[in-house]
Participant: 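Take a look at the following structure, please.
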Number of protein chains: 4
Amino acid sequence: MVSDKGMKGLNLGAVARRVGLVPSALYRHFQNKDGMIDALLELIESRLVANVVAVRQETDDPLLALELLLRRHVRLIRENAGIPRIVFSEEVYGAKSQRKYRVHDLLRRYLGRVAEFFRESQQAGTVRTDLSPDELSVMFLGLVQPAAILWHVSDGGFDVTRQAEKAWGVFSEAIKNGEDKGPEAGRASPATREN
Amino acid sequence: MVSDKGMKGLNLGAVARRVGLVPSALYRHFQNKDGMIDALLELIESRLVANVVAVRQETDDPLLALELLLRRHVRLIRENAGIPRIVFSEEVYGAKSQRKYRVHDLLRRYLGRVAEFFRESQQAGTVRTDLSPDELSVMFLGLVQPAAILWHVSDGGFDVTRQAEKAWGVFSEAIKNGEDKGPEAGRASPATREN
Amino acid sequence: MVSDKGMKGLNLGAVARRVGLVPSALYRHFQNKDGMIDALLELIESRLVANVVAVRQETDDPLLALELLLRRHVRLIRENAGIPRIVFSEEVYGAKSQRKYRVHDLLRRYLGRVAEFFRESQQAGTVRTDLSPDELSVMFLGLVQPAAILWHVSDGGFDVTRQAEKAWGVFSEAIKNGEDKGPEAGRASPATREN
Amino acid sequence: MVSDKGMKGLNLGAVARRVGLVPSALYRHFQNKDGMIDALLELIESRLVANVVAVRQETDDPLLALELLLRRHVRLIRENAGIPRIVFSEEVYGAKSQRKYRVHDLLRRYLGRVAEFFRESQQAGTVRTDLSPDELSVMFLGLVQPAAILWHVSDGGFDVTRQAEKAWGVFSEAIKNGEDKGPEAGRASPATREN
DNA sequence: CATGAATGAGCGTTCATTCAT
DNA sequence: TATGAATGAACGCTCATTCAT
């Protein structure tokens, strides 16, 4: 529903119709629309967490886990096209700061779990240590996000899976520990700290 | 306006008030709200294009140009926090397919210009050629996008500038042509089965 | 409940919560909301009648009984601030004529009992007879009613007790039988044309 | 409208229909429903004040002015049966304290003007001075208020005009300055200050 | 060109009421 | 008898849009 019509399709009437109810009946299950969206965010977070848990069980190699996670992430988005539309929608990403912080927390938590894999990899010596796990986790998210957007606006025409894997190839190569790139890798950019 | 209140703040009343008019008067300038948003998208595209043009004038080195472009992109978003909220809002990214394709075109055009730099770099031999310019351009967008989201949901607390530069550091290193990593870099991922 | 939130607080949900039930369970005890309000009105009437009965037992002097009744009336309102809000609420005083007549009857009955005291006083010769007991009973009600309203809108700041006693002082003096004011007292107003 | 259906009839739909508009069109003229009621209260206050001003012009005798005012008050209520239903409705008299204070002020202002007549009469020596003008003004209101309620619940069957004039007869006699009732008149009631 | 008035569709929400269990 | 789920009507309100002036 959200994947079709966007968050504007997430009105009580549409939701109710979808679940075979009448709008007012939704108030049996949620306090109000905000409650509905909160529940939705929780569901989404649980899906993300489930992916992390799953890949943990699939392998002990944290770098491989990340690759598997990326693939699962892509699949999650492909199969639930509504997810990014919810997370980045006005309703949640938008004005009301309380909800914005809710999304902030969700992202931080997910990224925290992703960062954990990087940390483990660094401790195992397979990933360079001049980048913090947090920074790496944000980059990880960047491997798929623009691709997901393109996939959406192209009505599925863009090959998000392939793009994500290409990006992972570049990224994983780049962060792998190697004796030759250690020294100058930290030179992220010609300075200009401005924030 | 959009940066404060989200796209819901982009109602004709608010816009009209902003420009010292009355809502109905806007219909002298735009056919309807869709027309307004189209104009907005055009404005945004012009800003993006302006950045491309600017960095073209600032340097002849396409890789350096990309770095400068990234920095400009970050600045553009930081100074016009409303831009991502418009581009990825429901109103444009959302339901009406016509508008979605409009955004698709905008992104493709921008990415096309970005890809141009990569193509030039590849022709100049400074960037590996096992990745297509198009793929590279999408990755390029991924260097900043998740950071921008975090910056927004953290109310400016996240250091998007620093993150983007770090990401560029990793990325630019990874794509630079080097004799040792050329051959196997194309090995994007250990498995390529679509899931 | 009603005293806090007004008749809008008198919704089935609130009532049910108050008595530890669920809204639908109330339908085991009342046919519908109207039935509830009817029961409420009956309860209120019983309170009013109880006051009349009580003062009857407290004294044989009908004029003193009225003074005591007035004091009880004030106390009843002060301790059950919801009563006037129910009696004069829209739900009962309002639209549905059936309910309006129900309130009409309640008031007539109460005023009838008040009038009885006046009739007895007149028969005992202590109250002038140029005013009918019915008229006197309505005046009696007027001794407290505006004060009660002021008490409510001033959040208890207005001294309804004192005002009622002052008014009773004036009123009781005025209606007491005296040789000098008997004859011309009936001259209600200098002109009787209806406007 | 309010006189027919009570404050529940004062919904935007009904009001709009009454003035030949559509509900949303009312928002051109009032900020919201609260604004509507505020405007209504102002209108009512202006009517009450107009009565005061009118009787001031009709006579210089403050006691006669009060009698005329009472008659005008009755007429106002008879011709605008909705007035008491608005002033004493839940919507205004009810929960929201801000509005309650608004009504409080309205009543205080009106009663203040009424008290002025009593004060003048006392200064002219025609009204006993052991009762404060404020107290007298509240009693004055009591001359008509219960009658008005009976008139309403009896669907106009009760003769509010006659009752008010009778009550005025009793009241005006009682408060007039006389040498015989001066001393004991202050004995409002056998004590019991309790508030 | 700009305005004020008005419109109609839609939305979130409340609430009395019904009904199967 | 009591409950939870559901309903339908109504309400206050917002907003894009139209139109006469």
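We name chains A, B, ... by the order of the sequence lines, and we start the count at 1 in each one.
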Participant: Give each stem of DNA chain E as a range with a range, requiring at least 3 consecutive Watson-Crick or G-U wobble pairs whose two distances are under 3.5 Å.
Facilitator: E:2-21 with F:2-21
Participant: To the nearest 0.5 Å, what is the distance between CG on C:Leu40 and CZ on C:Phe30?
Facilitator: 8.0 Å
Participant: Begin from the C-alpha positions of C:Leu12 and C:Met36 and carry the test side-chain contact (heavy atoms from CB on, under 4.5 Å) through to its verdict.
Facilitator: CA-CA 9 Å; C:Leu12 299 194; C:Met36 262 184 53; 3.3 Å; yes
Participant: Separation of A:Ile37 atom CD1 from E:dG12 atom P, in whole Å?
Facilitator: 9 Å
Participant: Could you work out, with side-chain hydrogen bond (donor to acceptor under 3.5 Å, both in side chains) as the rule, every residue matching C:Asp38, not counting sequence neighbours?
Facilitator: C:Arg99
Participant: Between A:Leu21 and C:Leu26, which has a closest nucleotide on DNA chain F that is more 5'?
Facilitator: C:Leu26
Participant: Take atom CZ of D:Phe30 and atom P of F:dT14, then tell me their distance rounded to the nearest Å.
Facilitator: 15 Å
Participant: Verify, without hydrogens or angle tests, whether C:Lys33 (side chain) and C:Leu10 (backbone) share a donor-acceptor contact under 3.5 angstrom.
Facilitator: yes
Participant: Residues in side-chain hydrogen bond (donor to acceptor under 3.5 Å, both in side chains) with D:Arg109, at least two apart?
Facilitator: D:Glu45
Participant: Using a cut-off of 4.0 Å between protein heavy atoms and nucleotide atoms, how would you tag nucleotides 15-21 of chain E 5' to 3' with B, S and -?
Facilitator: BSBBB--
Participant: Does C:His29 put a side-chain nitrogen or oxygen below 4.0 Å from OP1 or OP2 of F:dT1?
Facilitator: no
Participant: Residues in side-chain hydrogen bond (donor to acceptor under 3.5 Å, both in side chains) with C:Arg47, at least two apart?
Facilitator: none
Participant: Only distances under 3.5 Å count here; give the side-chain donor-acceptor pairs of residues 21-29 of chain D to other protein atoms, sequence neighbours excluded, each with its distance to 0.1 Å.
Facilitator:
none

Participant: Are the side chains of B:His73 and B:Leu48 in contact, using a 4.5 Å heavy-atom criterion?
Facilitator: yes
